Amino acid sequence: MWMVSLPVDEGSHQLAWLWDHGTGVFQSTKKLFLRERTGWGRTLEFIRKNAANGLSVANLVAGLSSILCSINGQHHHSCWLLLVGFLLDLADGAVARQLDACSALGAKLDDFADFTTFGLATALLLQPQGVLGGVVAIAYVMAVFARLCFFSSGIPFSYRGLPCPYASSLLASTFLLSEGNVTLLRITAGVMILFMVDRGLYPHDKVLESQLWKKLVYAGGVVAVLFSPAVVAPIYCLAWSTSYICFPFVLWSCKV
């Protein structure tokens with residue numbers, strides 16, 4: 001039996017070639033698109049997990065910069081950096097909880113940044129020259145250390161002892177308003193030491209996760225520190241810190 005081969009026109013070959021190559025291009029484009037989506041997904045996940053850590057690192061950098069400023073005698077710049085660190089510290093915990101990114105690393109980084117900024121850097125504002133100044137500065141650093149080590153009260157939404165960011169904010173504001181009056185600063189530091197090592201309870205300062213007026217207080221602090229005239233920020237932060245220290249549960253409780 002004879003097999004008759006039918007002629008295949010050239011157009012069919014071209015269509016088949018275009019189909020095969022078109023499918024290949026589509027598959028390559030799809031893979032590239034999916035790879036880019038995966039890359040973006042990993043990037044966004046990295047940002048989500050480390051946004052709060054980035055704020056803690058920024059707080060640490062502010063503290064280290066404040067130390068350098070104090071060593072070079074630029075105490076006014078040191079105070080401003082401490083106020084920036086105060087705002088960063090209030091934000092990092094809120095960001096971690098909102099993004100569900102709390103971690104052991106983040107907690108350790110936050111404690112280290114707090115000790116550097118609100119302990120070491122703040123103590124240098126006391127200008128520890130001489131025996132008395134050195135003793136007060138060391139006592140202040142040790143009070144911050146004890147406060148960070150033993151802050152857990154076992155009571156929900158409460159701290160044991162005054163949180164050190166508020167003590168630092170009050171001291172930095174006092175320095176700016178008093179033009180660095182060493183006697184006043186050392187007396188204030190002594191009072192803050194007593195508040196920090198005291199067993200009294202203070203509410204969690206979740207100002208960014210609480211009532212609207214507390215969020216407005218925080219926003220006002222950002223505006224005051226970054227954009228307002230120099231005299232406004234220390235007055236604002238002094239009033240804010242004093243209200244938390246003197247009326248902790250009346251004004252700053254999570255239930256208020």
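The model shown is predicted, which means the values in this text are computed figures rather than measured ones. Residue numbers count from 1 along this sequence.
- A continuous path of Ile, Leu, Val, Met, Phe, Trp and Tyr side chains, each step under 4.5 Å between heavy atoms, connects L208 with L87, placing both in one hydrophobic cluster.
- Note on L216 and L226: separate hydrophobic clusters, where clusters join Ile, Leu, Val, Met, Phe, Trp and Tyr whose side-chain heavy atoms are under 4.5 Å apart, directly or indirectly.
- Two residues are said to be in side-chain contact when any heavy atoms from C-beta on lie closer than 4.5 Å; L171 and Y140 meet this criterion.
- Heavy-atom contacts from other residues, nucleotides or ligands closer than 6.0 Å to NE2 of H76 number more than 12.
- Inter-residue side-chain proximity for F118 and L148 is flagged as unmet; no heavy-atom pair is nearer than 4.5 Å.
- When all heavy atoms are compared, the tightest approach of M196 to A143 is CE-CB, 4.0 Å.
- How far OH of Y236 is from OG of S169: 11.0 Å, rounded to the nearest 0.5 Å.
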Next on the checklist: Would F247 and T242 count as a side chain to side chain contact (heavy atoms under 4.5 Å, CB included) here? Give the steps.
Outcome noted: CA-CA 8 Å; F247 309 104; T242 303; over 6 Å; no
Cut-off 3.5 Å, no hydrogens considered: what does the side-chain donor-acceptor table look like for residues 56-67, sequence neighbours left out?
{"unit_1": "S56", "atom_1": "OG", "unit_2": "A52", "atom_2": "O", "d": "3.4"}
{"unit_1": "S56", "atom_1": "OG", "unit_2": "D92", "atom_2": "OD2", "d": "3.0"}
{"unit_1": "N59", "atom_1": "OD1", "unit_2": "T117", "atom_2": "OG1", "d": "3.1"}
{"unit_1": "N59", "atom_1": "ND2", "unit_2": "D114", "atom_2": "OD1", "d": "3.4"}
{"unit_1": "S65", "atom_1": "OG", "unit_2": "V61", "atom_2": "O", "d": "2.8"}
{"unit_1": "S66", "atom_1": "OG", "unit_2": "S78", "atom_2": "O", "d": "3.2"}
{"unit_1": "S66", "atom_1": "OG", "unit_2": "S78", "atom_2": "OG", "d": "2.4"}

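- Counting all heavy atoms, side chain and backbone alike, G119 lies closest to V141 at O-CG2, 3.8 Å.
- In this structure, the side chains of V217 and V207 stay at 4.5 Å or more apart for every pair of heavy atoms.
- Between W240 and F86, the angle of the ring planes goes over 60°, which puts this pair in the perpendicular group of the 30/60° scheme.
- A distance of 12.0 Å separates NE2 of H75 from CG of L176, quoted to the nearest 0.5 Å.
- The shortest distance between side-chain heavy atoms of M192 and Y166 does not fall below 4.5 Å.
- The closest donor-acceptor contact from the side chain of S228 to the backbone of A233 lies at 3.5 Å or more, if one exists at all.
- Closest of all the heavy-atom pairs between P128 and A137 is CB-CB, 3.7 Å.
- Closest approach of A172 to L83, counting heavy atoms only: CB-CD2, 4.1 Å.
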With a 3.5 Å cut-off and sequence neighbours excluded, list the donor-acceptor pairs that the side chains of residues 179-190 form with protein atoms.
{"unit_1": "N181", "atom_1": "OD1", "unit_2": "T183", "atom_2": "N", "d": "3.2"}
{"unit_1": "N181", "atom_1": "OD1", "unit_2": "L184", "atom_2": "N", "d": "3.0"}
{"unit_1": "R186", "atom_1": "NE", "unit_2": "L126", "atom_2": "O", "d": "3.4"}
{"unit_1": "R186", "atom_1": "NH2", "unit_2": "Q127", "atom_2": "O", "d": "3.0"}
{"unit_1": "T188", "atom_1": "OG1", "unit_2": "L184", "atom_2": "O", "d": "2.8"}

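- In this structure the side chain of Y244 reaches within 4.5 angstrom of the side chain of P203, judged on heavy atoms.
- Taking CG of L170 as the start and CZ of F195 as the end, the distance is 9.5 Å to the nearest 0.5 Å.
- At least one donor-acceptor pair under 3.5 Å links the side chain of N72 to the backbone N or O of L68.
- Residue L251 comes nearest to W213 through the heavy atom pair O-CZ2, 3.2 Å, listed as atom of the first residue, atom of the second, then distance.
- A single hydrophobic cluster is not seen to contain both V135 and F145; linkage of ILVMFWY side chains at heavy-atom distances under 4.5 Å, directly or through other members, places them apart.
- Counted within 6.0 Å of NZ on K215, heavy atoms from surrounding residues, nucleotides or ligands total more than 12; the atom is thus considered enclosed.
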